[in-house]
K.L.:
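Right, I'll just put the structure down here and ask away after.
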Amino acid sequence: MYDMEKLEQKRKRFFFKFCASIIILCFVTLAVVDYLERQWVELILDLLVVLIMSAALFAFARRLADDSIYRAVHLFICLCFLPSVAIGAGEGTVLYWALTVPLMFFFFFGKREGLLWAAVFYVALCFVIVSGPFFGWHEYDGVTVSRFFMILFVVTAFGYGFESSRHSFAEKLDEKNRMLMQEKLRLELAMKQIKTLNGLIPICSNCKKVRNDDGFWQQVEEYVRDHTDADFSHGICPDCAKKLYPDLKCVWKK
């Protein structure tokens, strides 16, 4: 039987480490490009992302609390992402990265908390984009922005749907797992209560004593009682009664 919580923890850890490795590789490459293009603000943001992901991997190595790491990383990454959108990093192509964000929210935080993270992130992102002309930030084309938010909504809906489906099946699997575990415990308890005799049992052809596992001879009723849950109530059969008490015909005739 699987421990679903531990299995889920391993699943998230593996995916986080996988994503962190890819992000570090990508942003190191972007940092080199921004350095060559003398884009100093973008270079600083790139290095911050690399630093955050590296610190998260180090925290995993020190076995710190997983949920705290996930929340801290997503918070800092979002705080780095919003300034990138404000300055129009990558000539405005930084918006493409936002399409991956809701999927990460739902994967690591579940459908409810993930939806809350997504809502807060969208409000902040919308504020940065819409307020660009007022604060002298990068101005995005209206058609591009409208299409971007439409695609972002679709991606968010898909992410929520996938997580809802996974959560529903995970609950059913967990319930089935608990039922199987209870059945296993009942079977183990039943097996403990069952004692059986099997194999060849050495028995004296004359006195009918049985040789036990230690090599000693004991009465057959003692042997059976020690190796099973059966016990004996003694009596006298008619044949023995006839031999032992020949004068008591009323006993052995029955």
Side-chain angles (χ1 to χ4, degrees), residues 1-23 52-53 55-78 98-122 151-201 212-213 221-233:
M1 303 301 173
Y2 294 104
D3 188 327
M4 297 305 296
E5 291 185 1
K6 290 184 178 180
L7 192 64
E8 180 71 8
Q9 184 183 54
K10 290 182 179 180
R11 183 180 74 101
K12 287 184 178 181
R13 281 189 173 187
F14 172 80
F15 188 68
F16 182 86
K17 292 178 181 178
F18 175 76
C19 292
S21 301
I22 293 179
I23 290 173
I52 291 170
M53 302 311 297
L57 293 178
F58 177 76
F60 269 118
R62 298 298 298 271
R63 300 184 181 278
L64 300 180
D66 291 4
D67 291 339
S68 299
I69 296 174
Y70 298 146
R71 291 186 177 91
V73 168
H74 281 79
L75 177 61
F76 287 125
I77 291 297
C78 290
L99 299 176
T100 64
V101 174
L103 300 179
M104 298 297 103
F105 287 157
F106 291 124
F107 183 90
F108 288 104
F109 305 130
K111 59 180 183 179
R112 292 182 180 179
E113 185 177 348
L115 192 62
L116 178 61
W117 276 81
V120 174
F121 176 74
Y122 291 164
I151 297 174
L152 190 60
F153 173 78
V154 172
V155 172
T156 303
F158 283 170
Y160 181 82
F162 291 152
E163 179 58 26
S164 297
S165 176
R166 186 205 64 79
H167 181 74
S168 177
F169 279 99
E171 284 188 337
K172 292 180 180 179
L173 182 61
D174 191 37
E175 181 180 357
K176 185 67 174 179
N177 191 50
R178 287 196 299 269
M179 293 174 62
L180 291 175
M181 182 62 70
Q182 292 175 357
E183 185 66 22
K184 177 176 178 290
L185 294 175
R186 285 197 294 266
L187 289 175
E188 289 178 349
L189 180 60
M191 290 299 295
K192 289 180 180 180
Q193 295 175 345
I194 296 176
K195 291 183 178 180
T196 59
L197 290 174
N198 55 66
L200 294 175
I201 302 175
N212 59 28
D213 297 335
E221 60 265 28
E222 294 179 359
Y223 184 86
V224 172
R225 185 177 61 242
D226 292 343
H227 291 78
T228 70
D229 288 329
D231 204 347
F232 292 88
S233 62

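Keep in mind it's a predicted model, so treat the numbers as computed, not measured. Counting begins at 1 with the first residue of the sequence.
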K.L.:
Salt bridge or not between Glu163 and Arg166? Use side-chain N to carboxylate O under 4.0 Å.
P.N.:
yes
K.L.:
Here's one to test your reading of the geometry: is the NZ or CZ of Lys172 within 45 degrees of the ring axis of Phe169 and under 6.0 Å from its centre?
P.N.:
yes
K.L.:
Taking atom CZ of Phe60 as the centre, report whether more than 12 heavy atoms of other residues, nucleotides or ligands fall under 6.0 Å from it.
P.N.:
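Result for CZ/Phe60: enclosed.
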K.L.:
Enter the distance from Arg71:CZ to Asp67:CG here, rounded to the nearest 0.5 Å.
P.N.:
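Between atom CZ of Arg71 and atom CG of Asp67 there are 5.0 Å.
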K.L.:
Backbone N or O of Leu152 within a donor-acceptor pair of the Thr156 side chain at under 3.5 Å?
P.N.:
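Between the backbone of Leu152 and the side chain of Thr156 there is a qualifying donor-acceptor contact (under 3.5 Å).
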K.L.:
Should Glu8 and Arg11 be marked as a salt bridge (Lys or Arg N to Asp or Glu O under 4.0 Å) after you check the CA-CA gap, both sets of side-chain angles, and the distance that decides it?
P.N.:
CA-CA 5 Å; Glu8 180 71 8; Arg11 183 180 74 101; 2.6 Å; yes
K.L.:
Mind listing the closest non-hydrogen atom pair of Val73 and Ala56 along with its distance?
P.N.:
CG2-CB, 3.4 Å
K.L.:
When rounded to the nearest 0.5 angstrom, what is the spacing between OG1 in Thr100 and CD1 in Ile77?
P.N.:
10.0 Å
K.L.:
Taking atom CG of Leu116 and atom NZ of Lys111, what is their separation to the nearest 0.5 Å?
P.N.:
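The NZ atom of Lys111 is 15.0 Å from CG of Leu116, to the nearest 0.5 Å.
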K.L.:
Are Phe108 and Phe16 near enough that their ring centres are under 6.0 Å apart?
P.N.:
yes
K.L.:
Any ion pair linking Glu183 and Arg186 (charged N to carboxylate O, less than 4.0 Å)?
P.N.:
yes
K.L.:
If every non-hydrogen atom of Gly159 is compared with every non-hydrogen atom of Leu103, which pair is closest and at what distance?
P.N.:
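Of all heavy-atom pairs spanning Gly159 and Leu103, the closest is CA-CD2, 3.8 Å.
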K.L.:
Measure from the side-chain N and O atoms of Ser164 to the backbone N and O of Tyr160, and report whether any donor-acceptor pair falls under 3.5 Å.
P.N.:
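Yes; at least one donor-acceptor contact below 3.5 Å.
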K.L.:
What I'd like to find out is whether the side chain of Asp66 reaches to under 4.5 Å of the side chain of Gln9, using heavy atoms alone.
P.N.:
yes
K.L.:
How long is the gap from CZ on Phe105 to OH on Tyr70, to the nearest 0.5 Å?
P.N.:
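Those atoms lie 15.0 Å apart.
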K.L.:
Just how far is it from atom CH2 of Trp117 to atom OH of Tyr122, taken to the nearest 0.5 Å?
P.N.:
13.5 Å
K.L.:
To the nearest 0.5 Å, how far apart are CD1 in Ile151 and CG in Leu99?
P.N.:
6.5 Å
K.L.:
Kindly indicate whether the side chain of Glu188, heavy atoms from C-beta on, has any atom under 4.5 Å from the side chain of Leu185.
P.N.:
yes
K.L.:
At their closest point, which heavy atom of Phe121 faces which heavy atom of Cys78, and how far apart are they?
P.N.:
CD1-SG, 3.7 Å
K.L.:
Shortest non-hydrogen contact from Gly114 to Phe109?
P.N.:
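Heavy-atom minimum between the residues: N-CB, 3.8 Å.
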